[in-house]
Amino acid sequence: MKTTTVTLGHGSGGRQSAELVRFLVEGFMTRGIGPELEDAALLPGGYAMTVDGFTVMPRKFPGGDLGHLAVCGCANDLAVRGASPDYLGLSLVIEEGFPLDELKDYMESAAATCAAIGMTLAAGDTKVVPAGGVEGVLFSGCAFGKVHSPFPLGIGNLREGDILIVSGPIGRHGAAIASARFSLEVEGLESDCAPLWPAVRPLLSLGGLRCMRDCTRGGLGTVLCEWAEGSGLSIALEEEAIPIELQVQSLCDVLGFDPLYMACEGTLALAVAPEDGQKALSLLKESAIGRNAAVIGQVSGGEPKGMVSMRTSIGGERLVDMPWGELLPRIC
Amino acid sequence: MIPLRSDISLIVDGLHRLNTRPLSVMEVCGTHTVSIFRSGIRSLLPPDLRLVSGPGCPVCVTDQGEIDAALSLVERGAIVATYGDMLKVPCDRGSLASKRSEGYDVAIVTSAMDVAALAEKHPDREVVFLAVGFETTSPATAALVKEAEQRGLSNLSVLSLHKRTPPVLAVLAGDPGLKISGFLLPGHVCVILGHEPFSFLPRDCGLPSVIAGFEGEQILLGLAEILRQYSRGESSLASVYGRAVRPEGNEKARTLLDEVFVSRSAPWRGIGVIPDSGYALAERYGVFDAERRFSLTIEPGKSLPGCRCGDVLTGKITPPDCPLFRMACTPLSPVGPCMVSSEGTCGAYFRFYKGDS
Ligand code: SF4
């Protein structure tokens, strides 16, 4: 790594985050006991496991709060690898002085979300640190579930010709948080934070299902770049086809952000063999989070290899790259 | 291949027909630069039409010496508030982002007015707004200064690094080393200033100049208008931005600018000091002037070794011609400011350009 300290850029989900992870797990990798770098790990015996940490400012945002987010985040990592959200472990690091009422609110919404998707809180831990030790409260979750897909889903399955689908309008979580952080109120803008499992479950019966990702930090753009790089194939997108809400677009226009890189917390990208494309789309459309699902592009064996290109709404061609560094709002 | 939308394909056909010899058009504004990349416009243009990016990204033209002055303010204990993409702009002793990670107070704001609230929240601290941008952001700074006066916010001051667009265009239009055949003028700036401040371009320099908005379609239309004028040997100031730009501009905003600011010479990164190209606070608002309050003098900085931002900003080279591009200079460790901002030419090339294909 080029820097000697951790920067906020390392946390923004793009290339720098990947660099940090590689740096951290190096000792495991060289000993042959490192993780596979997917959203959740597939364990022997047909189980999947994931861990995730959650800090969000503000902790209550339009469309959710920290508790709901922690459960969705963990459960969704399992779901996109074809596993049901069965068990949850939660660890809370709490700053001295934090209001109990507020903590209770987050736990209550976490419980409600778990109940809705059949997830049990199996383990937990709390630590209280002196004022200033953390900012308010940190949630970390570990989730464990049974794999229901008949074969492992992952980047390695991607094939030329595969259809790419996104389950709904992108960038809503990132935009909702940015609007709260920068006090730019946008009417009707809400985070998409939601559990994906109910939408994913029926998809697992499709023999042509290749891989899925929830488009969290770094957004849809980052996910697709990782797919292209990881598979060495080219991904071709149609800009017009990518669902983006007006509210998200206008907020991004103001701040100079690209909705492609804005985080989602209840939206997934999936690749499916062409013969199952329509079926996947209609299954998604029947689910609560997938009503606006859309086919957004295709995997191709052509050029540029390992990259994502996009046909723009005016008919031009351009490349889509991973975001670099911390997303900072621009001037004017 | 999906066919082009019919209205777009009409414009594109027109461009191909009108472009009979090699031509370079400068898009002045960083927002145009990004939109041109984002909408993939270059892939639609005739091969002889070259787009050259101009000095219209406020971050990129901010001089080293100006950043240096801002750093000295945080070091002296002030809270420095500014727009997000200023944070990473380097000078030889660091950036606001590096100061922030050392624990100094740097606040990101999205509008100038946020600074008033910040000053109110920290009555016992000096709060300085690092004001950057062209005529699009300077009215907001002017409004902040008036607000500060009204609310008696004596701990608020403004380090005005604002720049004016017409003087730098005059320099570029008069540069014999620069072979530009027309200007795509920034819609936002013209909404404020109107047509008049740019009328010298066609009148005195014979350069077709077209005010365009930021959608791909408008940019294509603007280019078509420049080519149309060029092919007929005409030069005039035209607008394809529709009703948003009134020829007289926005009088209210202009009055505000005239009241709060006076023009002064200002350093432009890589270009040098240009007379009348900056805005300083007028005498009447002198108490809010951070340069006075902290007895700062802004010395134009040396250019960073190897960085060719000046040549990029004036369209003499494109970023891949810079030996540091993509090698020593990336968005993660930018050498020059053109790599910092999402609207900077080098940053835009880095993200969207992967070599001639
Ligand atoms: S690539 Fe970097 S060093 Fe070269 S001109 Fe651009 S900003 Fe300066």
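Just so it is clear, the model here is predicted, and its values are computed rather than measured. Quick note on labels: first sequence line is chain A, next is B, and so on, each numbered from 1.
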Output the distance between atom CD1 (A:Ile314) and atom CD (B:Glu217), rounded to the nearest 0.5 Å.
-> 8.0 Å

Heavy atoms of other groups near [X] [atom1], more than 12 under 6.0 Å:
X        : atom1 : value
B:Glu120 : CD    : yes
A:Glu275 : CD    : yes
B:Glu102 : CD    : yes

Would you name the heavy atoms of [X] and [Y] that are closest together and state the gap between them?
X        : Y        : result
A:Arg318 : B:Arg38  : NE-O, 2.9 Å
A:Gly316 : B:Ser43  : CA-OG, 3.4 Å
A:Asp321 : B:Phe350 : OD2-O, 4.3 Å

Which atoms of B:Ser39 approach chain A - backbone, side chain, both or neither, heavy atom under 4.5 Å =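 Both backbone and side chain of B:Ser39 come within 4.5 Å of chain A.
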
Name the region of B:Leu45, side chain, backbone, both or neither, that has any atom closer than 4.5 Å to a heavy atom of chain A.
->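 Contact with chain A involves no heavy atom of B:Leu45 at all.
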
